[in-house]
Amino acid sequence: MSFTSIPILDLKLARDPATKPEFLEQLRHALMEVGFLYLKNVGISEELFQDVIKKGKAFFDIPLEEKLKIEMKNAKSFLGYSQLSAEITAGEVDHREQIDLSTEHPIPTPNAPLYYNLLAPNQWPSENHAPGFRDTYTDYMNRMGAISIYFTSLIAEAIKLPSDAFNKYFDEDQQHKLKIVKYPDMEELGRQGQGQGVGPHKDSMLTSYLLQATSHRGLQVQNVQGEWIDCPPIDGTLVVAIGQGMEALTQGVCVSTTHRVLSPAAGSGARFSIPFFQGVKLDAEFDDLETVGVGKVPEEVREQRRRVVERTGGRVDDVEFTFRTGAVAKTLGEATLRNRVKSHPDVGERWYPDILKGIREEQAAAKAKQTGGNAPTGGVAPKAVEAH
């Protein structure tokens, strides 16, 4: 049988030499069997968590005209505010409103690769309308960046690799990303039945860390049998998702798991979530990521993963890095830019029309091949996204 619940791990155990082996064993189980876990005692104060939640919720109460001043399509970086239902996953509209932030970088030089446009300053709401927002989220992203690098070292140890095995995929001034997301309930959306907050997808990159800011259920994880398992909020925890990049680098030992978010039920109010996404250096080349990787995972660990697959009735997938489609992109940065254009075609129309045109032509050709006929050039294909 596959998993029917999400394991809870205590990071405090990893910091004590006496209990670290126990933690690594629990982590190895979560990595191989689930691809998701709750993490408590991460090292961030409850006061900061509550400040992050309070200011995150308050952002959406800012007048619309103020939020539109920092709209995502105003910048080449895909950082900024997105109006309700502006993004697409698995070919369907996601019913959410959000702001994308990142650890900040200066505007790239004119001769830099095009994907360096992703490295940029944030579009912050004004201090008058969001007092303390910038300071709080800058502090939180910096702290979460350090935690993500530490946790990645523990993943390496859990599968019996050197603790620094993933370090070569990080820049010294690493860019990490964060979203603040509002999912309106079905009544506010004026819809019946079950709504798509975010469609089924797997995360990209290495690891993601979700702060569920309200008590709503809605996040669900799919097990090998195809069952959707609830991942409800648990006080004092972050939800950690393993990305497809980690699956690729570990030759399939670490599992990246499909998940989705359902819109809140009518009358239950909006669900808020704040996911943080660990970055990987954009100059990393796929030949290195896919061929060299982090070095061969020990055979005993690979055998353990094979036994899991046999026991659960699953299979070992051909691991393909999340953006890899033919030879379109040679670097992670190129592929990430293409993925962002797919996610946000309004930004693509304004800043990257040639990339968007190429993507739509590829999608049309793929659809025509599937149907045996001609296909329109509009629309956005399913993808790996980063949102909870």
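Only a predicted model underlies this, so the values are computations on that prediction, with no experimental measurement involved.
Thr152 OG1 to Asn167 CG: the interatomic distance, rounded to the nearest 0.5 Å, is 9.0 Å. Taking CD of Glu188 as the reference point, atom NZ of Lys182 lies at 5.0 Å (rounded to 0.5 Å). To the nearest 0.5 Å, the span separating CD on Gln278 from NZ on Lys177 amounts to 14.5 Å. A distance of 9.0 Å separates CG in Leu210 from CD1 in Ile274, rounded to the nearest 0.5 Å. For the atom pair NZ (Lys67) and CD1 (Ile62), the distance works out to 7.0 Å, reported to the nearest 0.5 Å.
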* Asked: What's the verdict on side chain to side chain contact (heavy atoms under 4.5 Å, CB included) for Leu238 and Met144, showing C-alpha distance, side-chain angles and the deciding distance?
  -> CA-CA 11 Å; Leu238 296 172; Met144 282 304 306; 3.8 Å; yes
* To do: Could you go through the side-chain hydrogen bond (donor to acceptor under 3.5 Å, both in side chains) check for Asp283 and Tyr115 one step at a time?
  => CA-CA 9 Å; Asp283 290 327; Tyr115 57 81; 2.7 Å; yes
* To do: Give the intermediate values and the outcome of side chain to side chain contact (heavy atoms under 4.5 Å, CB included) for residues Tyr209 and Val42.
  => CA-CA 11 Å; Tyr209 304 79; Val42 298; over 6 Å; no
* To do: In sequence, state the C-alpha distance, the side-chain angles, and the governing distance for Thr109 and Asn111, and then conclude on side-chain hydrogen bond (donor to acceptor under 3.5 Å, both in side chains).
  => CA-CA 6 Å; Thr109 59; Asn111 60 345; 2.8 Å; yes
* **Worked verdict on Tyr183 versus Leu189 for side chain to side chain contact (heavy atoms under 4.5 Å, CB included)** => CA-CA 9 Å; Tyr183 298 95; Leu189 291 172; over 6 Å; no
* Asked: What's the verdict on salt bridge (charged side-chain N to carboxylate O under 4.0 Å, His left out) for Glu349 and Arg360, showing C-alpha distance, side-chain angles and the deciding distance?
  -> CA-CA 12 Å; Glu349 289 276 12; Arg360 285 176 166 166; 2.9 Å; yes
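Summarising the geometry of Pro298 relative to Lys160, their closest heavy-atom pair is CG-O, 3.4 Å, with the distance given to 0.1 Å. Between Glu247 and Val255, the shortest heavy-atom distance links the atoms OE2-CA, 4.4 Å. Here the shortest heavy-atom pairing between Gly252 and Arg305 reads O-NE, 3.4 Å. Between Ala30 and Pro7 the shortest heavy-atom distance is CB-CG, 3.9 Å. The minimum heavy-atom distance between Glu71 and Gln123, with the atom names listed, is O-NE2, 3.1 Å.
Remark: Asn122 pairs with no residue by the side chain to side chain donor-acceptor pair (under 3.5 Å) rule, at least two apart or across chains. Legend: residues meeting side-chain contact (heavy atoms from CB on, under 4.5 Å) with Glu47, ordered by chain and number and at least two apart, are Ser45. Legend: residues meeting side chain to side chain donor-acceptor pair (under 3.5 Å) with Ser2, ordered by chain and number and at least two apart, are absent. By the side-chain contact (heavy atoms from CB on, under 4.5 Å) test, Thr4 pairs with no residue at all, sequence neighbours left out. Under the side chain to side chain donor-acceptor pair (under 3.5 Å) criterion, Glu303 pairs with Arg306, sequence neighbours left out. Lys40 meets the side chain to side chain donor-acceptor pair (under 3.5 Å) test with no other residue; sequence neighbours excluded.
The only member of Thr237, Asn41, Thr19 that meets side chain to side chain donor-acceptor pair (under 3.5 Å) when paired with Asp10 is Asn41. Tested against Ser263, the residues Arg96, His216, Met186 include a single side-chain contact (heavy atoms from CB on, under 4.5 Å) partner, Met186.
Proximity of a side-chain donor or acceptor of Asp185 to a complementary backbone N or O of Gly267 within less than 3.5 Å is detected. Put simply, the side chain of Glu127 gets close to the backbone of Gly132: a donor and an acceptor are under 3.5 Å apart. Although no hydrogens or angles enter the test, the distance criterion places no donor-acceptor pair under 3.5 Å between the side chain of Glu227 and the main chain of Asn223.
Annotation: salt bridge (Lys or Arg N to Asp or Glu O under 4.0 Å) contacts involving residues 12-26, sequence neighbours excluded, comprise Lys20-Glu157. Identified under the salt bridge (Lys or Arg N to Asp or Glu O under 4.0 Å) test for residues 250-266, with sequence neighbours left out: none. Within the structure, the side chain to side chain donor-acceptor pair (under 3.5 Å) test picks out the following pairs touching residues 139-148 (sequence neighbours left out): Asp139-Arg143. Judged as a salt bridge (Lys or Arg N to Asp or Glu O under 4.0 Å), not a single pair has a partner in residues 72-84 (not counting sequence neighbours). Sorted by first and then second residue, the salt bridge (Lys or Arg N to Asp or Glu O under 4.0 Å) pairs with a member in residues 216-225 read Arg217-Asp230; sequence neighbours excluded.
Between His344 and Phe78, the ring-plane angle classifies as tilted under the 30° and 60° cut-offs. Between His259 and Phe36, the ring planes are perpendicular. Angles over 60° get that label, and only those under 30° would be called parallel.
By the rule that hydrophobic residues join a cluster once side-chain heavy atoms approach within less than 4.5 Å of another member, Leu9 and Leu206 end up as members of one cluster. The hydrophobic cluster containing Ile155 also contains Leu39, counting ILVMFWY residues as joined when their side-chain heavy atoms lie under 4.5 angstrom apart, directly or transitively. Hydrophobic clustering (side-chain heavy atoms under 4.5 Å, transitive across Ile, Leu, Val, Met, Phe, Trp, Tyr) keeps Tyr38 apart from Trp228. Transitive grouping of hydrophobic side chains (ILVMFWY, heavy atoms separated by less than 4.5 Å) brings Leu211 and Phe60 into a common cluster. Cluster annotation: Leu262 and Val239 are assigned to distinct hydrophobic clusters (Ile/Leu/Val/Met/Phe/Trp/Tyr, side-chain heavy-atom contacts under 4.5 Å, transitive).
The pair Lys342-Glu362 fails the salt-bridge criterion, with no side-chain N (NZ, NE, NH1 or NH2) lying under 4.0 Å from an Asp/Glu carboxylate O. Using a cut-off of 4.0 Å between Lys/Arg side-chain N and Asp/Glu carboxylate O, Glu310 and Arg307 are scored as not salt-bridged.
Aromatic ring centres of Phe59 and Phe272 lie farther apart than the 6.0 Å criterion allows. Residues Phe166 and Phe170 place their aromatic rings such that the two centres sit no closer than 6.0 Å.
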Validation: residues 48-58 side-chain donor-acceptor distances under 3.5 Å, sequence neighbours left out:
{"from": "Gln50", "atom 1": "NE2", "to": "Glu46", "atom 2": "OE2", "distance (Å)": "2.6"}
{"from": "Asp51", "atom 1": "OD1", "to": "Lys55", "atom 2": "NZ", "distance (Å)": "2.5"}
{"from": "Asp51", "atom 1": "OD2", "to": "Lys55", "atom 2": "NZ", "distance (Å)": "3.4"}
{"from": "Asp51", "atom 1": "OD2", "to": "Thr136", "atom 2": "OG1", "distance (Å)": "2.8"}

